[in-house]
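After the structure tokens below, expect a handful of questions from me.
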Amino acid sequence: MFTPKRHPHVQHDMSATLRGGRQTRILNGYQAAMTGLHYRIIVRNFSSTTQHFHLFQKAASFHSSLTINPVLSSSLGCQAVGNHESTGAEISFELSRQIYAGAISVAPAVPLSQSMKLSTDRMPRLPVNSTRAVRQIELTSVKSDNALNCTTLTLDPLGMSQPVNHAGIPVGGFGATVPSYDPAPIPALYWGVAALNSHGDIVLSSCINPQPNSTIACVPEQIFL
């Protein structure tokens, strides 16, 4: 069952109804529905002025035998919308229910070889600011000891292996084995829980800059703010 997070500055009408095989919950302007594959969150602005609304997932917890760097959170979407009564407008956020591990590298691009430069000189090119990888993954469960809950990161090029079972991942979490790399002078690698919207865009809703040569675990929560 989809349970939206209470917000201290929003009054909630916690009445729930079942419509067409999906659970719908109305939250004083926030409507959350759980379909078979996605969460759909509908936002209506009841204030008198146009407002920008951001969608966040509750920050995940991270675990490792080494020091954990600060947890970073990213907005899953943002849109402005006017007063609902006067405009009839609303925002719809749709997110996959599947859990994904995600990684982003912002390391500088490797220079092209001379032969590759010659073959691409006449091709239009856009700068590559980041490389992203995502893997569908299972969570550790008390009901089973064979969850495919851990993947191995590779950095050159960036990628994640098919997940395998790892006995050291906490219940409700998934993990990754991080190879050796140089995190200085600025972090070039981020890893955590990925969210995919209905267009297939990858966003790390919670992530950290992982320590080299470590195994890290992430315990996400499907709670949206």
Side-chain angles (χ1 to χ4, degrees), residues 1-62 70-104 106 126-137 139 172 174 190-208 218-225:
M1 180 177 178
F2 180 86
T3 305
K5 179 72 172 178
R6 281 183 174 271
H7 192 285
H9 302 299
V10 178
Q11 296 180 349
H12 296 78
D13 173 7
M14 297 303 291
S15 60
T17 58
L18 191 66
R19 300 179 181 175
R22 68 182 186 184
Q23 185 72 29
T24 301
R25 194 172 287 274
I26 306 298
L27 299 172
N28 191 29
Y30 297 76
Q31 175 178 308
M34 186 174 71
T35 65
L37 298 175
H38 295 88
Y39 293 118
R40 178 174 296 149
I41 301 173
I42 296 173
V43 181
R44 294 170 181 168
N45 178 16
F46 290 157
S47 69
S48 59
T49 59
T50 297
Q51 301 286 339
H52 283 81
F53 290 88
H54 287 266
L55 179 66
F56 289 88
Q57 184 173 356
K58 183 179 178 180
S61 59
F62 290 82
V71 178
L72 306 175
S73 295
S74 299
S75 171
L76 303 180
C78 176
Q79 185 64 49
V81 65
N83 173 266
H84 179 69
E85 183 177 353
S86 61
T87 67
E90 62 186 23
I91 308 169
S92 177
F93 296 103
E94 190 166 320
L95 300 164
S96 173
R97 292 177 58 198
Q98 173 63 49
I99 301 296
Y100 294 92
I104 295 178
V106 292
L126 296 174
V128 177
N129 297 319
S130 65
T131 306
R132 302 177 183 227
V134 66
R135 238 347 148 183
Q136 181 175 321
I137 202 162
L139 301 180
F174 61 89
Y190 298 91
W191 178 87
V193 55
L196 270 67
N197 62 24
S198 58
H199 302 292
D201 299 324
I202 301 170
V203 180
L204 297 187
S205 61
S206 294
C207 63
I208 60 171
C218 172
V219 181
E221 292 192 61
Q222 295 289 65
I223 294 176
F224 299 95
L225 313 172

Checklist outcome for this item: Tightest non-hydrogen contact, residues V81 and F53, listed as CG1-CE1, 3.5 Å
Item to check | Contact summary for S96 and Y100, nearest pair of heavy atoms | outcome: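 S96 and Y100 have their closest heavy atoms at OG-CE1, 3.7 Å.
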Checklist outcome for this item: The reported gap from CD in E221 to OG in S205 (rounded to nearest 0.5 angstrom) is 11.5 Å
Next on the checklist: Quick check for you: to the nearest 0.5 Å, what is the distance between Y190 atom OH and I208 atom CD1?
Outcome noted: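 Result: 11.5 Å between the selected atoms.
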Item to check | Approximate separation, where rounding is to 0.5 Å, of F62 CZ and C218 SG | outcome: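 Taking CZ in F62 and SG in C218, the distance rounds to 4.0 Å.
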Next on the checklist: Can a donor-acceptor pair be found, under 3.5 Å and without considering hydrogens, that links the side chain of Q57 to the backbone of S206?
Outcome noted: no
Item to check | Heavy-atom closest contact (G172 atom, V219 atom, distance) | outcome: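 So the two residues come closest at O-CG1, 3.6 Å.
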Checklist entry - Of the non-hydrogen atoms in C78 and F93, which two are nearest, and what is the gap between them? => result N-CE2, 4.1 Å
Checklist entry - Under the side chain to side chain contact (heavy atoms under 4.5 Å, CB included) test, which residues partner S47, sequence neighbours left out? => result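 In terms of side chain to side chain contact (heavy atoms under 4.5 Å, CB included), with neighbours along the sequence ignored, S47 is linked to N45, T49, Q51.
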Checklist outcome for this item: Interatomic distance, CD1@I104 vs CG@L204, rounded to 0.5 Å, equals 3.5 Å
Item to check | Heavy-atom pair of closest approach, residues A60 and V193 | outcome: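 Distance-wise, the nearest heavy atoms are CB-CG1, 4.3 Å.
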Checklist entry - Can you find a heavy atom in the side chain of R40 that is under 4.5 Å from one in the side chain of I42? => result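 In contact.
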Checklist entry - Quick one: does L55's side chain get under 4.5 Å of L95's, heavy atoms only? => result yes
Next on the checklist: To check you understand the geometry: which heavy-atom pair defines the closest contact between S74 and V203, and what is its length?
Outcome noted: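 Nearest pair, atom of S74 first, then V203: CB-CG1, 3.9 Å.
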Next on the checklist: Quick one: does any side-chain atom of H52 pair with a main-chain N or O of Q79 as donor and acceptor, under 3.5 Å?
Outcome noted: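 Such a contact is absent between H52 side chain and Q79 backbone.
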Next on the checklist: I need the full list of salt bridge (Lys or Arg N to Asp or Glu O under 4.0 Å) pairs touching residues 84-93, with sequence neighbours left out, sorted by first then second residue.
Outcome noted: R44-E90
